[in-house]
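Read through the structure below, which is laid out as structure tokens, and then see the notes.
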Amino acid sequence: RRRICGGATIRRDEETGEIYIARVIHGGLADRSGLLHPGDLLVEVNGSPVVGLEPEQVIQILINSQGTILFKVIPNSTHSSSSSQKLVYMKAMVDYCPLQDSSIPCPNAGMAFSRGDLLEVVDQSDGQWWQARKLPRVTSCAGLIPSASMLKSKQREQWWCQPLQVHTCIRPCEDSSLLSLLTDLSVCVSAMSTPYEEVALYQRPPQENHRLIILVGATGVGVNELRKRLIKLNPSTFQGPVPHTTRRIRAEEQTGREYHFVTKELFEYMVCNHRFVEYGEYKGHLYGTSTDAINDVLRRGRMCIIDVEPHSIQPLRTGKLKPYVIFIKAPSPDRLRQTRRDARIITNYTINRAFTEDDFVELEEASRLMETKYKQFFDSVLVNDDLQDACMQLCSIIQQAQDEPQWIPVSWSRRDE
Ligand SMILES: Nc1ncnc2c1ncn2[C@@H]1O[C@H](COP(=O)(O)OP(=O)(O)OP(=O)(O)O)[C@@H](O)[C@H]1O
């Protein structure tokens with residue numbers, strides 16, 4: 001059994017009754033003193049022998065002590081300096097709460113985190129429990145988090161033991177298409193196999209292609225409007241990929257400019273070969289955005305801006321595209337009503353009308369759900385309040401994404417990716 005005391009956890013050897021320092025919490029009191037190390041045998045606390053005591057009794061001695069606390073320890077001769085450990089950075093792809101985890105040796109020393117949090121892992125010497133701090137750093141003291149393998153087995157356990165959880169996990173929030181359902185399932189499965197994603201700071205070398213910029217947001221929040229405005233603002237820098245379509249070419253159009261006009265057979269062939277990021281049907285014709293069209297824009301040295309459904313982000317997360325994902329978030333309900341007075345809801349076939357009260361409620365809810373569900377994939381969140389402001393903020397976020405160091409998965413930098 002283990003308990004925490006002054007930034008260290010202790011454990012009792014059940015055979016001998018001896019009390020040992022189990023781990024020293026990085027940045028805590030004991031760590032800063034430099035005097036206690038994992039494996040040290042605790043002999044006395046303030047002159048009282050502790051051998052044979054329960055860890056709780058040792059804690060009680062500490063609680064009752066006033067002023068200086070005196071430990072008598074026999075140092076662990078084999079301990080290796082923890083300061084020599086390399087810092088590793090991880091993005092959490094799952095949520096974790098130590099207070100709901102019965103297996104944690106010491107819940108008080110645990111650190112809660114949620115999907116998308118950036119963790120600085122300071123100690124991986126234990127195969128089961130690591131020590132980490134959240135970034136940006138608010139405290140110098142680290143907390144216990146389950147190791148990747150530990151978290152994987154916890155996730156697997158939850159998956160198999162709680163069928164209801166699986167159901168919740170895969171329930172799509174904004175549309176119920178089979179594709180969305182399957183992609184949600186794949187997001188869950190991938191979070192189970194990679195609960196932490198190792199990340200590193202990446203600065204795009206000037207000669208390398210720009211990072212793909214992905215905009216996502218709930219229907220009607222203004223993703224398309226922002227994308228269009230951005231491209232209009234600086235068409236020589238920002239560009240959208242040229243989509244493919246099976247509809248007939250019109251007199252004023254040119255293939256490869258407005259669209260790549262292709263036959264239905266070729267389109268279907270491309271679908272089968274996974275060449276589309278997204279595709280769909282409109283008035284009996286097929287339309288789609290291909291990865292080749294994205295690469296065309298990037299190869300020409302431009303910044304490619306696309307807007308996709310959130311379930312299309314995962315397949316785009318590759319070392320070649322190094323996508324930077326910006327979530328376009330709905331503003332507060334009041335601001336939504338004030339700013340969208342002249343806005344129009346336009347959907348595929350027949351609808352082109354002003355926003356109603358129900359639309360505002362739905363939009364706000366959809367935006368909130370989307371953020372909760374996919375936040376681990378977002379690099380930045382932009383509130384689309386005043387349109388001009390949002391457009392300017394978007395420009396500056398994109399500039400930073402391209403020119404300043406950003407956290408990306410380390411796997412994206414590997415040559416074999
Ligand atoms: N910040 C804003 N202030 C006022 N009106 C806005 C703002 N952002 C977008 N709009 C307007 O809201 C309406 C919906 O925007 P838009 O078509 O870009 O939504 P969308 O998120 O792309 O939706 P969809 O996914 O259905 O295409 C448009 O009339 C657009 O001009």
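For the single chain, residues carry numbers from 1 onward in sequence order. Counting convention: from 1, in listed order, for ligands and their atoms alike.
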Original post:
Quick one: side-chain hydrogen bond (donor to acceptor under 3.5 Å, both in side chains) partners of Gln155, sequence neighbours excluded?
Top reply: none
**OP:** Report yes if the distance between the aromatic ring centroids of Tyr324 and Phe378 is under 6.0 Å, otherwise no.
**Re:** no
**OP:** Have a look at Trp130 and tell me which of Tyr96, Tyr196, Phe113 forms a ring-ring contact (aromatic ring centres under 6.0 Å, His included) with it.
**Re:** Tyr196
Original post:
Looking at Phe327 versus Phe377, is the centre-to-centre ring distance below 6.0 Å?
Top reply: no
Can you give me a line-by-line list of nitrogen or oxygen pairs between ligand 1 and the protein shorter than 3.5 Å?
{"unit_1": "ligand 1", "atom_1": "1 (N)", "unit_2": "Arg340", "atom_2": "NH1", "d": "3.4"}
{"unit_1": "ligand 1", "atom_1": "1 (N)", "unit_2": "Asn384", "atom_2": "OD1", "d": "2.8"}
{"unit_1": "ligand 1", "atom_1": "1 (N)", "unit_2": "Asp385", "atom_2": "O", "d": "2.8"}
{"unit_1": "ligand 1", "atom_1": "8 (N)", "unit_2": "Asn384", "atom_2": "ND2", "d": "3.0"}
{"unit_1": "ligand 1", "atom_1": "18 (O)", "unit_2": "Asn224", "atom_2": "N", "d": "3.3"}
{"unit_1": "ligand 1", "atom_1": "18 (O)", "unit_2": "Glu225", "atom_2": "N", "d": "2.7"}
{"unit_1": "ligand 1", "atom_1": "19 (O)", "unit_2": "Gly222", "atom_2": "N", "d": "3.4"}
{"unit_1": "ligand 1", "atom_1": "21 (O)", "unit_2": "Gly220", "atom_2": "N", "d": "3.2"}
{"unit_1": "ligand 1", "atom_1": "21 (O)", "unit_2": "Val221", "atom_2": "N", "d": "3.2"}
{"unit_1": "ligand 1", "atom_1": "21 (O)", "unit_2": "Gly222", "atom_2": "N", "d": "2.9"}
{"unit_1": "ligand 1", "atom_1": "21 (O)", "unit_2": "Val223", "atom_2": "N", "d": "3.1"}
{"unit_1": "ligand 1", "atom_1": "22 (O)", "unit_2": "Asn224", "atom_2": "N", "d": "2.9"}
{"unit_1": "ligand 1", "atom_1": "23 (O)", "unit_2": "Gly220", "atom_2": "N", "d": "2.8"}
{"unit_1": "ligand 1", "atom_1": "29 (O)", "unit_2": "Arg344", "atom_2": "N", "d": "2.9"}
{"unit_1": "ligand 1", "atom_1": "29 (O)", "unit_2": "Arg344", "atom_2": "O", "d": "3.3"}
{"unit_1": "ligand 1", "atom_1": "31 (O)", "unit_2": "Glu225", "atom_2": "OE1", "d": "2.6"}

Original post:
Who are the salt bridge (Lys or Arg N to Asp or Glu O under 4.0 Å) partners of Glu357, not counting sequence neighbours?
Top reply: Arg337
Original post:
How would you list all residue pairs meeting side chain to side chain donor-acceptor pair (under 3.5 Å) that involve residues 378-396, not counting sequence neighbours?
Top reply: Arg335-Asp385
